[in-house]
Amino acid sequence: MENFDNVRVNTRVRRGFTDIYRREVGLSHPSGFARRFSASEALVQNLNLYGKLNGHEGCVNAVEFNSTGDLLVSGSDDRQVVFWNWASKTKLFAYPSGHSDNIFQTKIMPFTDDSRIVTSAGDGQIRLGVLREDGRADITLLGKHRGNVYKLAVEPGSPHIFYSCGEDGLVQHFDLRSSSATKFLCCSSSMGSNKDSTSKIGLNSIVIDSRNPYYFAVAGSDQYARVYDIRKCQWDAARNSDIPVNTFCPNHLIESDTVHITALAYSSSSELLVSYNDELIYLFEKNAGWGSSPSASSEDLKNIQQAQVYSGHRNQQTVKGVSFFGPSDEYVLSGSDCGHIFIWKKKDAKLVRLMVGDQHVLNQLEPHPHLPILATCGIENDVKIWAPLASDLPPIPVNAKEIIEANRKGREDQTRGTLPPAVIMHALRLQRRQTLAYIERRYNRADIMSDDEDSEDYILGLSDDVSSEEDSTANSRDCNIS
């Protein structure tokens, strides 16, 4: 096996030298060489920690590069929005967002000289921060949902228009040239085994297809990812405009009522990537959906193209993201409850890189817009930057099988006692409140926490820095697991 691995490495090295030679003698275009090099498996296998960006005082839930890739913006449980020069690992400036709860999303509006940032949070609010020359920001409340707002989606190339989705089932349209939001869609569960039900679907994710920007997908508290055509929406959430043009779901989950979706991502070729809570990740071709009305009939099952499946991670404790990586989306990325970053080849779902990204849980991953560089965040209070660097460590650690098996076993054990997603979320919120009350009582008694107690607090859902915070800010420093 060792000799076979050496042969594979030598083959990749020879192929790399061949590409360089062809570029130098003019047989390949420089841009084509750069794209092939950035997508090479050898490069991905050498992704290692470039640096940590320290400056937040709570779990970091959102990271995004600007369009040129020289700046990074992040949002945290401390309710601060921070700009970074990631290359020099320095904090440029920060401003208070005005939110009263944990920030879940930060988006830089395009073609605004990186001066307009929209944010969403656990308080249900969507806010705009306009940066001033003196480093401060003017904050405006744009709109509000009932419940958490995990994701925003910016219309490709537009400095004005973006969308939000919330746990209240609403999709809202924002135009920064106007003073109010438009509630134009309410997502309901009148499909599949729930045809007689019209209960709202709490939404966790919204993405716009950059290749066909009239289409956007949403997903949340049931098993379906729904695709809508913006042109067919009636721009009135009070009316029945919840008619998707397509829906996506793995065959075996069509009649399930115990799973939900935490994240979506569109590829540059309109493939839809769907990450399920405590299940797996699935990649759907754009024409492989169920149409507007899914059915579990045997004839329909035969006609639906099977999705590509990515496994090994675990997505149970938090609302995790999922993403593509590479100049042509050659790879799939996900965090995991075990704190690892999983990178698979998109084409065959082969795991090519597995590395520790957080000491607790790794939640969000953001690829650089032009370079083979990655930003990640999780339960820890920092942002981590990953770049191709020389290392003696193998791309897949020696204990990879144990890590994957532990994730699989945990998922299967959880499945045996599965509850509906709404019940699980309610239980997690109650647990969080009880834990906060317990910590407050301990502060009042002036107890000193030991290392073992810190570990126990994390298992209950707390950030590992809770014990160092003051009473007045304890709630904002706590990681939101709901």
Side-chain angles (χ1 to χ4, degrees), residues 59 193 202 204-205 219-224 249-263 273-282 307-322 332-344 349 351 354-365 378-380 396-435 438 452-464 479-482:
C59 306
S193 60
N204 296 327
S205 186
S221 59
D222 73 355
Q223 69 270 44
Y224 296 107
C249 181
N251 295 358
H252 67 287
L253 295 179
I254 280 291
E255 294 187 324
S256 173
D257 60 358
T258 60
V259 297
H260 64 278
I261 296 169
T262 65
L273 194 62
V274 183
S275 181
Y276 282 84
N277 176 269
D278 228 16
E279 234 268 343
L280 305 177
I281 297 171
Y282 299 88
Q308 180 65 271
V309 184
Y310 306 90
S311 62
H313 70 301
R314 191 174 184 205
N315 174 15
Q316 192 268 335
Q317 292 189 32
T318 55
V319 180
K320 291 180 186 61
V322 70
V332 169
L333 309 172
S334 178
S336 177
D337 289 355
C338 61
H340 287 78
I341 300 169
F342 283 73
I343 306 181
W344 302 269
L351 184 63
L354 179 62
M355 51 192 175
V356 176
D358 193 280
Q359 292 300 312
H360 307 302
V361 179
L362 196 286
N363 289 326
Q364 304 296 332
L365 310 97
I379 297 296
E380 294 180 310
I396 305 296
V398 294
N399 64 334
K401 289 184 178 180
E402 288 81 2
I403 294 169
I404 293 171
E405 177 62 20
N407 288 335
R408 183 195 65 79
K409 189 175 184 300
R411 188 166 53 247
E412 290 183 352
D413 290 346
Q414 178 73 16
T415 302
R416 294 190 185 101
T418 298
L419 296 171
V423 176
I424 295 173
M425 291 301 181
H426 180 66
L428 289 172
R429 291 189 185 99
L430 288 177
Q431 183 188 58
R432 180 170 178 261
R433 293 192 191 103
Q434 292 168 357
T435 305
Y438 173 67
D452 291 340
E453 289 169 326
D454 284 339
S455 299
E456 179 182 356
D457 288 340
Y458 169 68
I459 294 171
L460 291 172
L462 289 175
S463 169
D464 58 359
C479 263
N480 191 330
I481 61 174
S482 61

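Expressed to the nearest 0.5 Å, how far CZ of Phe342 lies from CD1 of Ile404 amounts to 5.5 Å. Put simply, CG on Asn363 and OG on Ser336 are 10.0 Å apart, with the number rounded to the nearest 0.5 Å. Within the model, atoms CG of Asn277 and CG of Asn204 stand 9.0 Å from one another, a figure rounded to the nearest 0.5 Å. Arg314 CZ to Ser334 OG: the interatomic distance, rounded to the nearest 0.5 Å, is 13.0 Å. With rounding to the nearest 0.5 angstrom, the CD1 atom of Ile379 is 6.5 Å from the CG atom of Asp358. Taking CG of Leu362 as the start and CG of Leu333 as the end, the distance is 10.0 Å to the nearest 0.5 Å.
For His313, the ring pair (Phe, Tyr, Trp, His ring centres under 6.0 Å) partners two or more places apart in sequence, or in a different chain, are Trp344. With sequence neighbours left out, Gln364 forms a side chain to side chain donor-acceptor pair (under 3.5 Å) with Lys151. With sequence neighbours left out, the side-chain contact (heavy atoms from CB on, under 4.5 Å) criterion links Leu280 to Tyr282, Val309, Ser311, Arg411. Residues satisfying the side chain to side chain donor-acceptor pair (under 3.5 Å) criterion with Asn315, sequence neighbours excluded, are Thr262, Ser275. Among residues two or more places apart in sequence or in another chain, the side-chain contact (heavy atoms from CB on, under 4.5 Å) test is passed with Ala400 by Leu354, Ile396, Pro397. In terms of the side chain to side chain donor-acceptor pair (under 3.5 Å) criterion, Tyr276 has no residue partners (sequence neighbours excluded).
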- How far apart are the C-alpha atoms of Leu273 and Tyr310, what are their side-chain angles, what is the distance that settles it, and do they pass the side chain to side chain contact (heavy atoms under 4.5 Å, CB included) test? CA-CA 10 Å; Leu273 194 62; Tyr310 306 90; 4.1 Å; yes

**Prompt:** Does the side chain to side chain contact (heavy atoms under 4.5 Å, CB included) test come out yes or no for Glu279 and Gln223, once each step is laid out?
**Reply:** CA-CA 11 Å; Glu279 234 268 343; Gln223 69 270 44; over 6 Å; no

Q.
If you apply the rule side chain to side chain contact (heavy atoms under 4.5 Å, CB included), what do you find for Asp337 with Lys320, and how did you get there?
A. CA-CA 9 Å; Asp337 289 355; Lys320 291 180 186 61; 2.3 Å; yes

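Between Arg408 and Glu405, at least one side-chain nitrogen of the basic residue sits less than 4.0 Å from a carboxylate oxygen of the acidic one, meeting the salt-bridge criterion.
Minimum interatomic distance between Ala219 and Ile261 (heavy atoms only, all atoms of both residues): CB-CG2, 3.6 Å. Summarising the geometry of Gly378 relative to Cys59, their closest heavy-atom pair is O-CB, 3.8 Å, with the distance given to 0.1 Å. Contact between Asn407 and Cys338 at its shortest, heavy atoms only, is ND2-SG, 3.5 Å.
Side-chain contact check for Leu253 versus Tyr224: every heavy-atom pair is 4.5 Å or farther apart.
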